[in-house]
There are 2 protein chains.
Amino acid sequence: MIQVSIVEDNDAIRNGLAMLINATADMECISTYTDCETCIGDLPDHGPDVILMDIGLPGMSGIEGVREIKKDFPDIHILMLTVYEENDKIFDALCAGATGYLVKKTPAEQLIQAIQDVVHGGSPMSSHIARKVVAFFQKQPPKAMEEHHLSSREMDILTSLANGNSYKLIADDLTISIDTVRFHIRNIYKKLQVNSQTEAISKAFRDGLIK
Amino acid sequence: MIQVSIVEDNDAIRNGLAMLINATADMECISTYTDCETCIGDLPDHGPDVILMDIGLPGMSGIEGVREIKKDFPDIHILMLTVYEENDKIFDALCAGATGYLVKKTPAEQLIQAIQDVVHGGSPMSSHIARKVVAFFQKQPPKAMEEHHLSSREMDILTSLANGNSYKLIADDLTISIDTVRFHIRNIYKKLQVNSQTEAISKAFRDGLIK
DNA sequence: CGGTCAACCGCATGATGATGCGGGTGATAT
DNA sequence: ATATCACCCGCATCATCATGCGGTTGACCG
(Lines give C-alpha, C1' and ligand atoms only; values in the text may rest on other atoms or scores of the structure.)
Protein backbone atom coordinates (compact mmCIF):
# COMPACT_ATOMS: atom_id res chain seq x y z
CA MET A 1 0.00 0.00 0.00
CA ILE A 2 1.52 3.27 -1.12
CA GLN A 3 0.83 6.07 1.33
CA VAL A 4 0.51 9.52 -0.22
CA SER A 5 0.28 13.02 1.23
CA ILE A 6 -0.76 16.10 -0.69
CA VAL A 7 0.35 19.69 -0.25
CA GLU A 8 -1.85 21.96 -2.37
CA ASP A 9 -3.64 25.15 -1.44
CA ASN A 10 -6.42 24.89 -4.01
CA ASP A 11 -9.28 23.05 -2.33
CA ALA A 12 -10.80 21.58 -5.47
CA ILE A 13 -7.52 20.21 -6.76
CA ARG A 14 -6.46 18.90 -3.38
CA ASN A 15 -9.70 17.08 -2.76
CA GLY A 16 -9.83 15.78 -6.28
CA LEU A 17 -6.36 14.32 -5.98
CA ALA A 18 -7.17 12.73 -2.64
CA MET A 19 -10.27 11.09 -4.06
CA LEU A 20 -8.40 9.85 -7.08
CA ILE A 21 -5.69 8.30 -4.97
CA ASN A 22 -8.13 6.68 -2.54
CA ALA A 23 -10.02 5.24 -5.47
CA THR A 24 -6.88 3.46 -6.60
CA ALA A 25 -5.96 0.00 -5.41
CA ASP A 26 -2.81 -0.27 -3.31
CA MET A 27 -2.75 3.46 -2.74
CA GLU A 28 -4.16 5.72 -0.08
CA CYS A 29 -4.03 9.40 0.71
CA ILE A 30 -3.14 9.58 4.39
CA SER A 31 -3.15 13.36 4.74
CA THR A 32 -3.58 16.62 2.88
CA TYR A 33 -2.23 20.08 3.63
CA THR A 34 -2.68 23.56 2.31
CA ASP A 35 0.86 24.63 3.18
CA CYS A 36 4.31 23.16 3.70
CA GLU A 37 4.70 24.20 7.31
CA THR A 38 1.94 22.02 8.72
CA CYS A 39 2.95 19.16 6.46
CA ILE A 40 6.49 19.29 7.83
CA GLY A 41 5.13 19.45 11.35
CA ASP A 42 3.19 16.23 10.77
CA LEU A 43 5.97 14.22 9.17
CA PRO A 44 7.57 12.88 12.36
CA ASP A 45 4.21 11.29 13.26
CA HIS A 46 2.99 9.91 9.97
CA GLY A 47 5.46 9.93 7.13
CA PRO A 48 4.07 9.01 3.72
CA ASP A 49 5.94 7.24 0.96
CA VAL A 50 5.22 9.96 -1.55
CA ILE A 51 4.27 13.62 -1.28
CA LEU A 52 2.53 15.45 -4.10
CA MET A 53 3.78 19.00 -3.78
CA ASP A 54 2.52 22.20 -5.33
CA ILE A 55 5.01 25.03 -5.86
CA GLY A 56 2.92 28.17 -5.52
CA LEU A 57 1.90 27.96 -1.89
CA PRO A 58 1.12 30.50 0.80
CA GLY A 59 4.11 30.86 3.12
CA MET A 60 6.99 28.55 2.37
CA SER A 61 7.21 27.70 -1.33
CA GLY A 62 6.97 24.13 -2.47
CA ILE A 63 10.60 24.19 -3.52
CA GLU A 64 11.76 25.38 -0.13
CA GLY A 65 9.49 22.74 1.34
CA VAL A 66 11.22 20.03 -0.66
CA ARG A 67 14.56 21.16 0.66
CA GLU A 68 13.35 21.08 4.25
CA ILE A 69 11.65 17.74 3.97
CA LYS A 70 14.50 16.06 2.16
CA LYS A 71 16.93 17.27 4.79
CA ASP A 72 15.12 15.39 7.56
CA PHE A 73 13.35 12.67 5.59
CA PRO A 74 15.51 11.79 2.62
CA ASP A 75 13.55 8.61 1.93
CA ILE A 76 10.28 10.34 1.19
CA HIS A 77 9.77 10.81 -2.53
CA ILE A 78 8.41 14.16 -3.56
CA LEU A 79 6.58 14.64 -6.80
CA MET A 80 6.16 18.23 -7.90
CA LEU A 81 2.71 18.86 -9.30
CA THR A 82 2.53 22.37 -10.57
CA VAL A 83 1.61 24.71 -13.37
CA TYR A 84 5.12 26.13 -13.63
CA GLU A 85 7.14 25.11 -16.66
CA GLU A 86 9.96 27.63 -16.35
CA ASN A 87 13.43 26.19 -16.34
CA ASP A 88 14.31 27.90 -13.09
CA LYS A 89 11.48 26.30 -11.18
CA ILE A 90 12.17 22.90 -12.66
CA PHE A 91 15.85 22.86 -11.90
CA ASP A 92 15.44 24.42 -8.49
CA ALA A 93 12.91 21.78 -7.56
CA LEU A 94 15.06 18.92 -8.79
CA CYS A 95 18.15 20.30 -7.09
CA ALA A 96 16.18 20.71 -3.90
CA GLY A 97 15.47 17.01 -4.01
CA ALA A 98 12.23 16.47 -5.91
CA THR A 99 12.11 13.03 -7.50
CA GLY A 100 9.67 13.86 -10.28
CA TYR A 101 7.98 16.84 -11.88
CA LEU A 102 4.53 16.81 -13.36
CA VAL A 103 2.42 19.59 -14.77
CA LYS A 104 -1.06 19.91 -13.34
CA LYS A 105 -2.83 19.06 -16.56
CA THR A 106 -1.45 15.53 -16.33
CA PRO A 107 -4.36 13.09 -16.81
CA ALA A 108 -5.45 11.03 -13.83
CA GLU A 109 -4.19 7.69 -15.01
CA GLN A 110 -0.74 9.06 -15.79
CA LEU A 111 -0.61 10.65 -12.37
CA ILE A 112 -1.34 7.34 -10.72
CA GLN A 113 1.23 5.73 -12.95
CA ALA A 114 3.75 8.38 -11.89
CA ILE A 115 3.18 7.72 -8.22
CA GLN A 116 3.77 4.03 -8.78
CA ASP A 117 6.79 4.82 -10.90
CA VAL A 118 8.38 6.95 -8.25
CA VAL A 119 8.26 4.26 -5.58
CA HIS A 120 9.71 1.77 -8.05
CA GLY A 121 12.84 3.79 -8.67
CA GLY A 122 11.72 6.04 -11.48
CA SER A 123 11.56 9.77 -11.93
CA PRO A 124 8.38 10.60 -13.76
CA MET A 125 8.33 13.86 -15.65
CA SER A 126 5.84 15.39 -18.02
CA SER A 127 7.21 15.06 -21.50
CA HIS A 128 7.97 18.73 -22.04
CA ILE A 129 9.64 18.91 -18.66
CA ALA A 130 11.83 15.96 -19.54
CA ARG A 131 12.79 17.68 -22.75
CA LYS A 132 13.92 20.74 -20.86
CA VAL A 133 15.93 18.64 -18.48
CA VAL A 134 17.63 16.90 -21.36
CA ALA A 135 18.22 20.21 -23.10
CA PHE A 136 20.13 21.30 -20.03
CA PHE A 137 22.83 18.77 -20.78
CA GLN A 138 23.04 19.68 -24.40
CA LYS A 139 23.78 23.33 -24.00
CA GLN A 140 26.50 22.63 -21.48
CA PRO A 141 29.61 23.01 -23.61
CA PRO A 142 28.97 26.29 -25.42
CA LYS A 143 32.66 26.87 -25.63
CA ALA A 144 34.73 23.74 -25.31
CA MET A 145 38.47 23.47 -25.50
CA GLU A 146 38.32 23.70 -29.26
CA GLU A 147 36.61 27.05 -29.14
CA HIS A 148 39.46 28.52 -27.20
CA HIS A 149 41.93 26.49 -29.26
CA LEU A 150 44.29 26.04 -26.38
CA SER A 151 47.17 23.81 -27.33
CA SER A 152 47.70 20.63 -25.37
CA ARG A 153 50.72 22.16 -23.71
CA GLU A 154 48.70 25.14 -22.66
CA MET A 155 46.10 22.82 -21.23
CA ASP A 156 48.82 21.12 -19.20
CA ILE A 157 49.85 24.39 -17.72
CA LEU A 158 46.30 25.57 -17.14
CA THR A 159 45.40 22.36 -15.37
CA SER A 160 48.48 22.45 -13.22
CA LEU A 161 47.74 26.05 -12.39
CA ALA A 162 44.23 25.10 -11.33
CA ASN A 163 45.70 22.56 -8.97
CA GLY A 164 47.36 25.40 -7.14
CA ASN A 165 50.87 24.94 -8.42
CA SER A 166 53.22 27.87 -8.69
CA TYR A 167 55.15 28.67 -11.84
CA LYS A 168 58.15 26.99 -10.33
CA LEU A 169 56.28 23.80 -9.49
CA ILE A 170 54.73 23.66 -12.92
CA ALA A 171 58.13 24.07 -14.49
CA ASP A 172 59.47 21.18 -12.43
CA ASP A 173 56.43 19.02 -13.15
CA LEU A 174 56.66 19.46 -16.87
CA THR A 175 60.45 19.64 -16.80
CA ILE A 176 60.58 22.92 -18.65
CA SER A 177 61.98 26.21 -17.52
CA ILE A 178 60.02 28.67 -15.47
CA ASP A 179 60.34 31.21 -18.22
CA THR A 180 58.64 28.84 -20.61
CA VAL A 181 55.83 28.49 -18.14
CA ARG A 182 55.52 32.26 -18.20
CA PHE A 183 55.49 32.20 -21.96
CA HIS A 184 52.63 29.72 -22.14
CA ILE A 185 50.65 31.49 -19.49
CA ARG A 186 50.92 34.71 -21.41
CA ASN A 187 49.48 32.96 -24.44
CA ILE A 188 46.74 31.38 -22.39
CA TYR A 189 45.78 34.80 -21.10
CA LYS A 190 45.59 36.15 -24.61
CA LYS A 191 43.41 33.29 -25.79
CA LEU A 192 41.10 33.45 -22.81
CA GLN A 193 41.10 37.23 -22.85
CA VAL A 194 42.14 37.58 -19.26
CA ASN A 195 45.12 38.89 -17.40
CA SER A 196 45.48 37.08 -14.14
CA GLN A 197 45.61 33.53 -12.89
CA THR A 198 42.40 33.97 -11.01
CA GLU A 199 40.48 35.11 -14.06
CA ALA A 200 41.97 32.37 -16.17
CA ILE A 201 40.98 29.69 -13.69
CA SER A 202 37.48 31.08 -13.30
CA LYS A 203 36.96 31.21 -17.02
CA ALA A 204 38.40 27.75 -17.45
CA PHE A 205 35.97 26.33 -14.93
CA ARG A 206 32.97 28.18 -16.26
CA ASP A 207 33.70 27.17 -19.82
CA GLY A 208 34.27 23.60 -18.82
CA LEU A 209 37.90 23.55 -19.81
CA ILE A 210 38.67 22.16 -16.41
CA LYS A 211 36.63 19.91 -14.16
CA MET B 1 3.34 9.63 -40.80
CA ILE B 2 6.41 9.38 -38.59
CA GLN B 3 9.45 8.13 -40.47
CA VAL B 4 11.88 6.10 -38.43
CA SER B 5 15.36 4.74 -39.08
CA ILE B 6 17.13 2.14 -37.00
CA VAL B 7 20.83 1.71 -36.30
CA GLU B 8 21.43 -1.61 -34.56
CA ASP B 9 23.95 -4.33 -35.31
CA ASN B 10 21.95 -7.22 -33.89
CA ASP B 11 19.90 -8.64 -36.75
CA ALA B 12 17.07 -10.02 -34.64
CA ILE B 13 16.56 -6.84 -32.70
CA ARG B 14 16.83 -4.64 -35.75
CA ASN B 15 14.33 -6.61 -37.75
CA GLY B 16 12.01 -6.95 -34.80
CA LEU B 17 11.98 -3.21 -34.29
CA ALA B 18 11.36 -2.54 -37.95
CA MET B 19 8.42 -4.91 -37.99
CA LEU B 20 6.98 -3.39 -34.86
CA ILE B 21 7.20 0.10 -36.29
CA ASN B 22 5.75 -0.88 -39.63
CA ALA B 23 2.88 -2.59 -37.85
CA THR B 24 1.99 0.69 -36.18
CA ALA B 25 -0.38 3.20 -37.74
CA ASP B 26 1.12 6.56 -38.69
CA MET B 27 4.62 5.17 -38.41
CA GLU B 28 7.01 3.56 -40.84
CA CYS B 29 10.56 2.32 -40.77
CA ILE B 30 12.19 3.80 -43.83
CA SER B 31 15.65 2.31 -43.37
CA THR B 32 17.78 0.17 -41.09
CA TYR B 33 21.55 0.11 -40.62
CA THR B 34 24.06 -2.02 -38.81
CA ASP B 35 26.48 0.83 -38.28
CA CYS B 36 26.53 4.61 -37.95
CA GLU B 37 28.73 5.29 -40.93
CA THR B 38 26.32 4.06 -43.57
CA CYS B 39 23.40 5.67 -41.77
CA ILE B 40 25.14 9.03 -41.87
CA GLY B 41 25.95 8.52 -45.52
CA ASP B 42 22.27 8.01 -46.28
CA LEU B 43 20.90 10.95 -44.33
CA PRO B 44 21.28 13.60 -47.06
CA ASP B 45 19.03 11.51 -49.30
CA HIS B 46 16.34 10.28 -46.97
CA GLY B 47 16.26 11.86 -43.55
CA PRO B 48 13.91 10.27 -41.03
CA ASP B 49 12.09 12.10 -38.24
CA VAL B 50 13.45 9.79 -35.59
CA ILE B 51 16.45 7.49 -35.36
CA LEU B 52 16.58 4.60 -32.93
CA MET B 53 20.24 4.28 -32.07
CA ASP B 54 22.16 1.51 -30.37
CA ILE B 55 25.33 2.44 -28.48
CA GLY B 56 27.50 -0.64 -28.80
CA LEU B 57 28.15 -0.70 -32.53
CA PRO B 58 31.00 -1.87 -34.72
CA GLY B 59 33.07 1.12 -35.82
CA MET B 60 31.75 4.45 -34.70
CA SER B 61 29.90 4.23 -31.39
CA GLY B 62 26.31 5.27 -31.18
CA ILE B 63 27.23 8.23 -29.03
CA GLU B 64 29.76 9.47 -31.54
CA GLY B 65 27.13 8.89 -34.19
CA VAL B 66 24.68 11.11 -32.35
CA ARG B 67 27.24 13.86 -32.26
CA GLU B 68 27.89 13.61 -35.98
CA ILE B 69 24.27 13.42 -36.97
CA LYS B 70 23.16 16.26 -34.73
CA LYS B 71 25.91 18.45 -36.13
CA ASP B 72 24.52 18.23 -39.66
CA PHE B 73 20.87 17.38 -38.99
CA PRO B 74 19.88 19.03 -35.74
CA ASP B 75 16.17 18.46 -36.40
CA ILE B 76 16.37 14.69 -36.41
CA HIS B 77 15.44 13.25 -33.04
CA ILE B 78 17.61 10.45 -31.83
CA LEU B 79 16.37 7.94 -29.32
CA MET B 80 19.05 5.85 -27.68
CA LEU B 81 17.99 2.24 -27.36
CA THR B 82 20.62 0.33 -25.48
CA VAL B 83 21.51 -2.02 -22.70
CA TYR B 84 23.85 0.42 -21.03
CA GLU B 85 22.68 2.01 -17.81
CA GLU B 86 25.96 3.52 -16.66
CA ASN B 87 25.88 7.18 -15.84
CA ASP B 88 28.71 7.95 -18.20
CA LYS B 89 26.95 6.51 -21.22
CA ILE B 90 23.70 8.21 -20.35
CA PHE B 91 25.16 11.65 -19.87
CA ASP B 92 27.49 11.35 -22.82
CA ALA B 93 24.59 10.41 -25.06
CA LEU B 94 22.40 13.24 -23.84
CA CYS B 95 25.22 15.76 -24.12
CA ALA B 96 25.93 14.52 -27.62
CA GLY B 97 22.38 15.40 -28.55
CA ALA B 98 20.18 12.37 -27.92
CA THR B 99 16.60 13.34 -27.21
CA GLY B 100 15.61 10.26 -25.28
CA TYR B 101 17.17 7.19 -23.69
CA LEU B 102 15.49 3.82 -23.43
CA VAL B 103 16.79 0.52 -22.22
CA LYS B 104 16.35 -2.40 -24.59
CA LYS B 105 13.98 -4.28 -22.38
CA THR B 106 11.37 -1.56 -22.90
CA PRO B 107 8.08 -3.21 -23.91
CA ALA B 108 6.83 -2.68 -27.44
CA GLU B 109 3.94 -0.41 -26.64
CA GLN B 110 6.09 1.90 -24.54
CA LEU B 111 8.62 2.06 -27.32
CA ILE B 112 5.96 3.14 -29.78
CA GLN B 113 4.72 5.62 -27.22
CA ALA B 114 8.24 6.95 -26.84
CA ILE B 115 8.64 7.52 -30.57
CA GLN B 116 5.39 9.44 -30.63
CA ASP B 117 6.44 11.33 -27.53
CA VAL B 118 9.72 12.42 -29.03
CA VAL B 119 8.13 14.01 -32.10
CA HIS B 120 5.65 15.81 -29.86
CA GLY B 121 8.31 17.60 -27.88
CA GLY B 122 9.01 15.08 -25.16
CA SER B 123 12.13 13.28 -24.00
CA PRO B 124 11.19 9.74 -23.15
CA MET B 125 13.45 7.94 -20.73
CA SER B 126 13.21 4.60 -19.03
CA SER B 127 12.26 5.21 -15.43
CA HIS B 128 15.60 4.23 -13.93
CA ILE B 129 17.39 6.36 -16.47
CA ALA B 130 15.25 9.34 -15.56
CA ARG B 131 16.08 8.79 -11.92
CA LYS B 132 19.78 8.91 -12.68
CA VAL B 133 19.36 12.08 -14.66
CA VAL B 134 17.47 13.69 -11.81
CA ALA B 135 20.04 12.45 -9.32
CA PHE B 136 22.63 14.34 -11.28
CA PHE B 137 21.10 17.60 -10.20
CA GLN B 138 20.84 16.58 -6.61
CA LYS B 139 24.36 15.52 -5.87
CA GLN B 140 25.72 18.85 -6.96
CA PRO B 141 26.61 20.39 -3.60
CA PRO B 142 28.54 17.68 -1.73
CA LYS B 143 30.18 20.30 0.41
CA ALA B 144 28.24 23.50 0.44
CA MET B 145 29.09 26.81 1.95
CA GLU B 146 28.12 25.55 5.37
CA GLU B 147 30.74 22.82 5.31
CA HIS B 148 33.48 25.34 4.91
CA HIS B 149 31.62 27.77 7.18
CA LEU B 150 32.76 30.80 5.23
CA SER B 151 31.17 33.96 6.55
CA SER B 152 29.04 35.97 4.19
CA ARG B 153 31.72 38.61 4.01
CA GLU B 154 34.26 36.00 3.08
CA MET B 155 31.93 34.77 0.37
CA ASP B 156 31.74 38.30 -0.99
CA ILE B 157 35.48 38.47 -1.26
CA LEU B 158 35.81 34.98 -2.67
CA THR B 159 33.23 35.67 -5.34
CA SER B 160 34.80 38.94 -6.28
CA LEU B 161 38.16 37.23 -6.44
CA ALA B 162 36.73 34.62 -8.79
CA ASN B 163 35.57 37.39 -11.06
CA GLY B 164 39.18 38.34 -11.52
CA ASN B 165 39.26 41.39 -9.30
CA SER B 166 42.44 42.46 -7.59
CA TYR B 167 42.60 43.19 -3.89
CA LYS B 168 42.36 46.86 -4.68
CA LEU B 169 39.25 46.44 -6.80
CA ILE B 170 37.61 44.27 -4.21
CA ALA B 171 38.36 46.85 -1.56
CA ASP B 172 36.75 49.54 -3.69
CA ASP B 173 33.76 47.36 -4.52
CA LEU B 174 33.01 46.54 -0.91
CA THR B 175 34.19 49.94 0.31
CA ILE B 176 36.59 48.49 2.80
CA SER B 177 40.33 48.91 3.01
CA ILE B 178 42.72 46.78 1.04
CA ASP B 179 44.21 45.53 4.26
CA THR B 180 40.86 44.23 5.33
CA VAL B 181 40.61 42.38 2.07
CA ARG B 182 43.94 40.79 2.87
CA PHE B 183 42.68 39.92 6.31
CA HIS B 184 39.62 38.13 4.96
CA ILE B 185 41.56 36.34 2.31
CA ARG B 186 43.95 35.03 4.90
CA ASN B 187 41.02 33.59 6.78
CA ILE B 188 39.54 32.13 3.62
CA TYR B 189 42.83 30.41 2.93
CA LYS B 190 42.88 28.94 6.39
CA LYS B 191 39.33 27.64 6.10
CA LEU B 192 39.83 26.19 2.65
CA GLN B 193 43.27 24.88 3.56
CA VAL B 194 45.00 26.59 0.67
CA ASN B 195 47.57 29.28 0.27
CA SER B 196 47.06 31.00 -3.02
CA GLN B 197 44.28 32.65 -4.95
CA THR B 198 44.42 30.01 -7.62
CA GLU B 199 43.97 27.16 -5.19
CA ALA B 200 41.19 28.95 -3.41
CA ILE B 201 39.29 29.56 -6.63
CA SER B 202 39.77 25.99 -7.80
CA LYS B 203 38.55 24.60 -4.53
CA ALA B 204 35.63 27.00 -4.48
CA PHE B 205 34.52 25.88 -7.92
CA ARG B 206 34.99 22.21 -7.25
CA ASP B 207 33.11 22.36 -3.99
CA GLY B 208 30.33 24.33 -5.57
CA LEU B 209 30.89 27.43 -3.45
CA ILE B 210 30.93 29.41 -6.67
CA LYS B 211 29.09 28.85 -9.91
C1' DC C 1 30.43 41.61 32.78
C1' DG C 2 34.06 39.20 30.62
C1' DG C 3 34.63 36.03 26.68
C1' DT C 4 34.23 35.07 21.93
C1' DC C 5 33.84 36.09 17.27
C1' DA C 6 33.15 38.47 12.85
C1' DA C 7 34.42 42.35 10.69
C1' DC C 8 37.32 46.08 10.33
C1' DC C 9 42.13 48.55 9.85
C1' DG C 10 47.37 49.08 9.59
C1' DC C 11 52.50 48.07 8.42
C1' DA C 12 56.44 45.50 6.71
C1' DT C 13 59.05 42.07 4.04
C1' DG C 14 60.07 38.64 0.87
C1' DA C 15 57.96 35.87 -2.80
C1' DT C 16 55.44 35.48 -6.84
C1' DG C 17 53.28 37.05 -10.87
C1' DA C 18 52.43 40.05 -15.19
C1' DT C 19 54.35 41.83 -19.14
C1' DG C 20 57.63 43.83 -22.25
C1' DC C 21 61.42 42.49 -25.08
C1' DG C 22 64.67 39.32 -27.29
C1' DG C 23 66.01 34.71 -29.19
C1' DG C 24 65.83 29.36 -30.73
C1' DT C 25 63.87 24.44 -32.69
C1' DG C 26 61.19 21.13 -35.36
C1' DA C 27 56.95 19.73 -37.77
C1' DT C 28 53.37 20.71 -41.06
C1' DA C 29 51.39 23.08 -44.59
C1' DT C 30 51.48 25.83 -49.02
C1' DA D 1 61.51 26.15 -49.45
C1' DT D 2 59.48 29.29 -46.90
C1' DA D 3 55.79 30.28 -43.91
C1' DT D 4 53.38 29.22 -39.88
C1' DC D 5 52.81 27.51 -35.51
C1' DA D 6 53.55 25.04 -31.18
C1' DC D 7 56.87 24.77 -28.16
C1' DC D 8 61.07 26.05 -25.95
C1' DC D 9 64.33 29.53 -23.36
C1' DG D 10 66.11 33.98 -21.27
C1' DC D 11 66.20 38.79 -18.83
C1' DA D 12 64.28 42.86 -16.67
C1' DT D 13 60.91 45.63 -14.19
C1' DC D 14 57.05 46.88 -11.65
C1' DA D 15 52.78 45.33 -9.52
C1' DT D 16 50.60 42.26 -6.71
C1' DC D 17 50.27 38.82 -3.32
C1' DA D 18 51.25 35.92 1.04
C1' DT D 19 52.12 36.19 5.63
C1' DG D 20 53.83 37.74 9.88
C1' DC D 21 52.57 40.95 13.51
C1' DG D 22 49.78 44.43 15.79
C1' DG D 23 45.24 46.80 16.90
C1' DT D 24 39.60 48.42 17.30
C1' DT D 25 34.64 47.90 17.27
C1' DG D 26 30.12 45.97 18.02
C1' DA D 27 27.11 41.87 18.64
C1' DC D 28 25.90 37.94 21.15
C1' DC D 29 26.08 34.59 25.22
C1' DG D 30 26.59 32.56 29.42
Side-chain angles (χ1 to χ4, degrees), chain A residues 141 143-211, chain B residues 141 143-211:
Chain A
K143 320 159 186 174
M145 190 179 102
E146 290 73 29
E147 310 301 320
H148 291 300
H149 51 274
L150 288 194
S151 74
S152 68
R153 204 50 165 175
E154 287 163 347
M155 280 302 301
D156 290 344
I157 272 112
L158 185 60
T159 306
S160 193
L161 211 50
N163 290 331
N165 296 325
S166 67
Y167 286 15
K168 167 135 188 44
L169 276 176
I170 297 175
D172 290 351
D173 260 28
L174 304 179
T175 50
I176 56 179
S177 102
I178 194 169
D179 284 299
T180 303
V181 174
R182 280 191 233 272
F183 169 83
H184 287 301
I185 288 188
R186 254 176 296 178
N187 294 329
I188 292 171
Y189 287 180
K190 277 196 188 69
K191 291 182 182 177
L192 296 188
Q193 303 260 312
V194 298
N195 44 28
S196 74
Q197 283 193 37
T198 314
E199 272 184 288
I201 300 301
S202 289
K203 189 146 201 164
F205 270 105
R206 289 182 176 140
D207 291 0
L209 288 174
I210 296 179
K211 285 188 299 288
Chain B
K143 320 164 185 174
M145 193 179 97
E146 289 73 29
E147 309 302 320
H148 291 300
H149 50 274
L150 289 194
S151 75
S152 69
R153 202 51 166 176
E154 287 163 349
M155 280 303 301
D156 291 343
I157 273 110
L158 185 60
T159 307
S160 192
L161 210 51
N163 290 332
N165 296 323
S166 67
Y167 286 14
K168 167 134 188 49
L169 277 176
I170 297 174
D172 291 351
D173 261 28
L174 305 180
T175 51
I176 56 178
S177 103
I178 194 168
D179 284 300
T180 303
V181 174
R182 279 192 234 275
F183 169 82
H184 287 301
I185 288 188
R186 254 176 295 176
N187 293 331
I188 293 172
Y189 287 0
K190 276 195 188 70
K191 290 182 181 177
L192 296 188
Q193 303 262 311
V194 299
N195 44 28
S196 75
Q197 284 192 38
T198 314
E199 271 184 291
I201 299 302
S202 289
K203 191 145 199 163
F205 270 104
R206 290 182 175 142
D207 290 359
L209 288 174
I210 295 178
K211 285 187 299 286

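Every chain is numbered from 1, with letters handed out A, B, ... down the list of sequences.
Not a single ring-ring contact (aromatic ring centres under 6.0 Å, His included) links B/F183 to another residue, sequence neighbours left out. Remark: B/L169 engages B/N165, B/S166 in a side-chain contact (heavy atoms from CB on, under 4.5 Å) (not counting sequence neighbours). Applying the side-chain contact (heavy atoms from CB on, under 4.5 Å) rule to B/Y189 yields the partners B/Y167, B/I185, B/V194, B/Q197, B/A200; only residues at least two apart in sequence or on another chain are considered. By the salt bridge (charged side-chain N to carboxylate O under 4.0 Å, His left out) test, B/E154 is found to be paired with B/K191, residues two or more places apart in sequence or in another chain being considered. For B/D173, there are no salt bridge (charged side-chain N to carboxylate O under 4.0 Å, His left out) partners, not counting sequence neighbours. Listed by chain and residue number, A/T198, A/E199 satisfy the side-chain contact (heavy atoms from CB on, under 4.5 Å) test with A/S196 (two or more places apart in sequence, or in another chain). The salt bridge (charged side-chain N to carboxylate O under 4.0 Å, His left out) check on B/D172 picks up B/K168, with sequence neighbours excluded.
Among the nucleotides D/dA6, C/dA7, C/dT19, the one closest to the side chain of A/N195 is C/dT19.
Regarding B/I188, its CD1 atom lies at a distance of 13 Å from the P atom of C/dA6, rounded to whole Å. Atom CZ of A/R153 is separated from atom P of C/dA27 by 16 Å (rounded to the nearest Å). For A/M155 and D/dA6, the CE to C1' distance is 16 Å, given to the nearest whole Å.
Separating the CG atom in A/D156 from the CG atom in A/L161 is a distance of 12.0 Å, to the nearest 0.5 Å. Between atom CG of residue B/L158 and atom OG of residue B/S152 there is a gap of 12.5 Å, rounded to the nearest 0.5 Å.
The side-chain heavy atoms of B/H184 and B/I170, taken from C-beta on, include no pair separated by under 4.5 Å.
Contacts between residues 156-175 of chain A and DNA chain D, defined by a heavy-atom separation below 4.0 Å, involve no residue at all. The stretch residues 176-187 of chain B touches DNA chain C through B/I176, B/S177, B/D179, B/T180, B/F183, B/H184, B/R186, each having a heavy atom within less than 4.0 Å of the strand.
At least one donor-acceptor pair under 3.5 Å links the side chain of B/T159 to the backbone N or O of B/M155.
Rounded to 10 degrees, the angle separating the terminal axes of the helix from C/dC1-D/dG30 to C/dA29-D/dT2 is 50°, with each axis obtained from five end pairs.
Among all heavy-atom pairs drawn from B/A171 and B/S177, the shortest one is CB-C, 3.9 Å. Residues A/A162 and A/I210 approach most closely at CB-CD1, 3.6 Å, considering heavy atoms.
For the OP1/OP2 pair of D/dT19 and a distance below 4.0 Å, the side-chain nitrogens and oxygens of B/Y189 include no atom meeting the criterion.
With A/R153 as reference, A/L174 is the one residue of A/T180, A/I188, A/L174, A/N187 to meet the side chain to side chain contact (heavy atoms under 4.5 Å, CB included) rule.
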Could you write out each protein N or O paired with an N or O of nucleotides 24-26 of chain D at a distance under 3.5 Å?
none

Write down the protein N/O and nucleotide N/O pairs, taken from nucleotides 3-5 of chain C, whose separation is under 3.5 Å; answer none if there are no such pairs.
none

